[in-house]
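What follows is a set of notes on a single structure, which appears directly below.
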Amino acid sequence: MPRTRSALPATGPVRLGPDSRAALRPAVVGIDTGFWQARRASNAYVSIPQGPALLEAAGNLHNLRLAAGTAVGEFQGAYPFVDTDVYKWLEAAAWQLAQAPGEDLAPGEDLAPDGDLASGEDLAPGGGQASGEDMTPNEDQTRDGDLAAEVGRIVALVAGAQQPDGYLNTWFQLVKGGERYKDLRWGHELYCAGHLIQAAVAHHRATGSGELLDVARKFADHVDSVFGPPGSGKPIDGIDGHPEVETALVELYRETGERRYLDLAAYFVDRYGHGLLGGEAYCQDRVPLREATNVEGHAVRQLYLLAAAADLATETGDAELRTAAERLWHAMTTTKAHLTGGLGAHHEEEDFGDPYELPNERAYCETCAAIASIQWSWRMALLTGEARYSDLIERTLFNGFLAGVSLDGERWLYVNPLQVRDGHTDPGGDQSARRTRWFRCACCPPNVMRLLASLEHYLASSDDNGLQIHQYVSGRYASDLAVIRSETDYPWHGTIALTVEETQVEPWTLSLRIPQWCREFRVRCGQETYEGPVADGWLRLERTWSPGDQVVLELSLEPRLTSADPRVDAVRGCVAIERGPLVYCLEGVDHPGGTLDDIVVDTTRPLAVKHRPDLLGGVTTVVAAGSRRHLPDAGWWPYAPVGESPDSPQQDGEHVELTAVPYYAWANREDGSMRVWLPTS
């Protein structure tokens, strides 16, 4: 089958090795209209272009010049790992340069497919923070050219800062007098190396240039010469306090074919949990990963380590690692995941917390943890072929991840709580519940940029028998077997219209993921109709296909009330509102005349939906019935005998209409209160 314009090379963040044991391979997707096109347009035209100026203002680029000897002054930044902000931005910019000019980010018409099963009034199509017209540059702009020039400039800065033996870390070169690997728990030298390697792989795959890849390989070779197990003859048996280099080394192996990078990654993964960093769960050193029974410690560190474990199981066939990764993913999702897909219960040490310890106001849910979760789950989806991993990816993408960036692409959330009370006193800084222009620890913004810029690589897969669609977008899905055009206004509407544009002549299977949240669906394929349920999350359509064949998937988007496991004490007696893949929340700005603390939702009344093109760039809201509790005046003591409780609602409470907006869009208007979980009494 001839390669078409849409069938671009599959050169994303995960490119499996020739001997991979994965059940599925990443497929090619071109996103050209709809919800995610708008998000990616904001990323392309706002977030990524502002990166160099922000990195300049924060001193990251200044530090590289100092290390290269081309500037004078002092090191700038609060942490020894500030180099990673540069590397993550470079990775984001590289994936952006890999986009076909005008293809994925061109404006397109809003789509309103017919036949949606969702009920409700005023469901005009729309969605996204900005229309294609708003996000399209003027004709005289040369965004790609300017971005390529910025990438080239910063790559040269990185190369100039590298020492002759390959070592590169501006903090240790400038502040610690060149002292290396003396503080593996806090120094993050290998963490920085990992992000450099990932940026270099992205740059090489996107542009064909080996300039940054040469820098990364030189650093990786240096690390390989220094670190190794006892008896290896290498001077250091050690691990980094922040896992990251491991999955990067696997990808470097995939890019270069050098087996020693894969072996080095395996060595690092297996040395966690043996007390090399003091035996603390915080840095994944309490128990070996192969023996662990639940995720623990610093959430991002745990998730990056598990992504590496999945990579190693994929490339080596290590059944024990695969079993451990499956066991820990299941434990995490059943006991430690928030409704939004967010992860991390504690501000203290950015920790997972205990099973079912899922607070609202103090939920940490770092944006980077959502990104790491998506990266790990995608690797597990490829390794196993199971739909459940992509179910979590969808939930996290639309909620826990997307809330991390403002609708205008200029402001960020480091933490993503599920409730902000009236009168909340914001501490500011990295742990703020208010959107912030940049952070002292600016790990999240460029991390968001790199995921959005490479999002098309997390949406579909293929195997020898067919094409699997994991996430639904408007655009083209392509594999060696076929090219399929998709048109949808998802998540506002539940209809996905698929048209076969090219196909091989032999039979093959089109597999459609039926989301875990979906209780009713219908698929029309020619004269045949399929309806649920499905046993394993996949609806498989096997046949001989012809160009022009159509498949229409209709997912019911009836809004629903969700309750939590009774062991989640923080939300007992509460419900949340969901619709399709979206979690909803109330904001104080939509409910004047009181506080959100007063509101009780009426679960006996039906939910309604209303599209609001005037609100938050165009969103579908969910309208619920509720009331305001009449609370007594505060006394000197907020407790009373049962029956006289000061929080008991009065029967004549004021009835109110509740307007719920998608969680991803909160905190984009005025500062104020917000809550996901709503009391029922």
Under 3.5 Å, is there a donor-acceptor pair between the side chain of Thr367 and the main chain of Leu413?
-> yes
Side chain of Ser373, backbone of Ala369: donor and acceptor closer than 3.5 Å?
-> no
Nearest heavy-atom contact between Asp391 and Pro515 is OD1-CA, 3.5 Å
Could Arg669 and Glu587 be called an ion pair, given the rule that one side-chain N must be under 4.0 Å from one carboxylate O?
-> yes
What are the two closest heavy atoms between Arg560 and Gly580, and how far apart are they?
-> NH2-O, 2.9 Å
Between the CG atom in Leu418 and the SG atom in Cys365, the distance rounded to the nearest 0.5 Å is 6.0 Å
Side chain proximity check, Leu16 to Thr314, heavy atoms < 4.5 angstrom = yes
Only residue of Asn668, Leu616, Leu586 satisfying side-chain contact (heavy atoms from CB on, under 4.5 Å) with Val661 is Leu616
Could you go through the side-chain contact (heavy atoms from CB on, under 4.5 Å) check for Val551 and Trp545 one step at a time?
-> CA-CA 11 Å; Val551 176; Trp545 301 89; 3.8 Å; yes
Might you point out which heavy atoms bring Thr544 and Pro507 nearest each other, and give the distance in Å?
-> OG1-CG, 3.3 Å
Calculate, to the nearest 0.5 Å, the distance between atoms OG and CD belonging to Ser546 and Glu502 respectively.
-> 13.0 Å
Please assess Trp666 against Val589 for the test side-chain contact (heavy atoms from CB on, under 4.5 Å), listing each intermediate value before the final yes or no.
-> CA-CA 10 Å; Trp666 85 278; Val589 66; over 6 Å; no
Within the distance-only criterion (no hydrogens, no angle test), does the side chain of Thr620 pair as donor or acceptor with the backbone N or O of Lys610 below 3.5 angstrom?
-> no
Hey, mind stepping through Glu578 and Thr562 against side-chain hydrogen bond (donor to acceptor under 3.5 Å, both in side chains) and telling me if it holds?
-> CA-CA 7 Å; Glu578 297 185 272; Thr562 300; 2.4 Å; yes
Within 45° cone and under 6.0 Å: Arg675 NZ/CZ vs Trp677 ring = no
Scan side-chain atoms only and decide if Tyr458 and Glu456 contain a donor-acceptor pair under the 3.5 Å cut-off.
-> no
Output, in order, the C-alpha distance, side-chain angles, deciding distance and verdict of side-chain contact (heavy atoms from CB on, under 4.5 Å) for Met674 and Tyr663.
-> CA-CA 9 Å; Met674 178 275 294; Tyr663 174 78; 4.0 Å; yes
Under 3.5 Å: donor-acceptor pair, side chain of Asn399, backbone of Leu582 | no
Is any NZ, NE, NH1 or NH2 atom of the basic residue among Glu394 and Arg513 found under 4.0 Å from an Asp or Glu carboxylate oxygen of the other?
-> yes
Could you tell me whether the side chain of Val14 reaches within less than 4.5 Å of the side chain of His457, counting heavy atoms only?
-> no
Here the pair of heavy atoms bringing Trp508 nearest to Leu481 is CB-CD1, 3.9 Å
Any side-chain heavy atom of Arg476 sitting closer than 4.5 Å to one from Asp32?
-> yes
Do any N or O atoms from the side chain of Ser406 and from the backbone of Arg411 form a donor-acceptor pair under 3.5 angstrom?
-> yes
Centroid separation Tyr389 to Trp378 less than 6.0 Å = no
Hey, do the aromatic rings of Phe398 and Phe35 have their centres closer than 6.0 Å?
-> yes
Leu658 and His591: which non-hydrogen atoms are nearest, and at how many Å?
-> CA-NE2, 3.4 Å
From CA spacing to verdict: side-chain hydrogen bond (donor to acceptor under 3.5 Å, both in side chains), Trp329, Ser377 = CA-CA 8 Å; Trp329 190 92; Ser377 289; 3.0 Å; yes
Does Val46 reach the side chain of Asp408, with side-chain heavy atoms less than 4.5 Å apart?
-> no
Do Glu554 and Thr495 have a side chain donor and acceptor closer than 3.5 Å?
-> no
Should Ile374 and Leu397 count as side-chain neighbours, where that means a heavy-atom distance under 4.5 Å?
-> yes
Min side-chain heavy-atom separation Val601-Val575 under 4.5 Å | yes
Would Leu402 and Trp36 count as a side-chain contact (heavy atoms from CB on, under 4.5 Å) if you check the C-alpha gap in whole Å, the side-chain angles of each, and the deciding distance to 0.1 Å?
-> CA-CA 10 Å; Leu402 193 54; Trp36 286 110; 4.0 Å; yes
With no hydrogens and no angle check, is any side-chain donor or acceptor of Glu251 less than 3.5 Å from a backbone partner on Arg15?
-> yes
Could you tell me whether the side chain of Glu410 and the main chain of Gln50 form a donor-acceptor pair under 3.5 Å?
-> no
Measure from the side-chain N and O atoms of Arg522 to the backbone N and O of Leu553, and report whether any donor-acceptor pair falls under 3.5 Å.
-> no
Per side-chain hydrogen bond (donor to acceptor under 3.5 Å, both in side chains), Gln468 is matched among Ser511, Ser390, Ser462, Ser461 by Ser461
Salt bridge flag under 4.0 Å for residues Arg388 and Asp536 | no
Flag the pair Arg205 and Glu91 as a salt bridge only when some basic side-chain nitrogen lies within less than 4.0 angstrom of an acidic carboxylate oxygen.
-> no
In Å and rounded to the nearest 0.5 Å, what is the OH to CD1 distance from Tyr477 to Ile469?
-> 5.0 Å
Nearest-0.5 Å distance, CG of residue Leu24 to OG1 of residue Thr384 = 7.5 Å
When rounded to the nearest 0.5 angstrom, what is the spacing between CD in Glu366 and SG in Cys444?
-> 4.5 Å
Got a donor-acceptor contact below 3.5 angstrom from the Arg450 side chain to the Pro446 backbone?
-> no
Can the ring centres of His470 and Trp538 be said to be less than 6.0 Å apart?
-> yes
Smallest separation among heavy atoms of Val201 and Glu255, with atom names | CG1-OE1, 4.2 Å
When you measure from the side chain of Asp549 to the backbone N and O of Val500, does any donor-acceptor pair fall under 3.5 Å?
-> no
Do Thr247 and Trp376 have side-chain N/O donor and acceptor atoms under 3.5 Å apart?
-> no
Mind checking whether Cys525 and Tyr530 have side chains closer than 4.5 Å, heavy atoms only?
-> yes
Side-chain heavy-atom pair Leu510, Ile484 within 4.5 angstrom cut-off = yes
According to the interplanar angle, ranging from 0 to 90°, do the rings of His611 and Trp492 count as parallel (below 30°), tilted (30 to 60°) or perpendicular (above 60°)?
-> perpendicular
CD of Gln375 to CG of Asn447, rounded to nearest 0.5 Å, is 6.5 Å
Scan side-chain atoms only and decide if Gln550 and Arg524 contain a donor-acceptor pair under the 3.5 Å cut-off.
-> no
Is the shortest side-chain N to carboxylate O distance from Arg519 to Glu558 below 4.0 Å?
-> no
CZ/Arg543: more than 12 non-hydrogen atoms of other groups inside 6.0 Å | yes
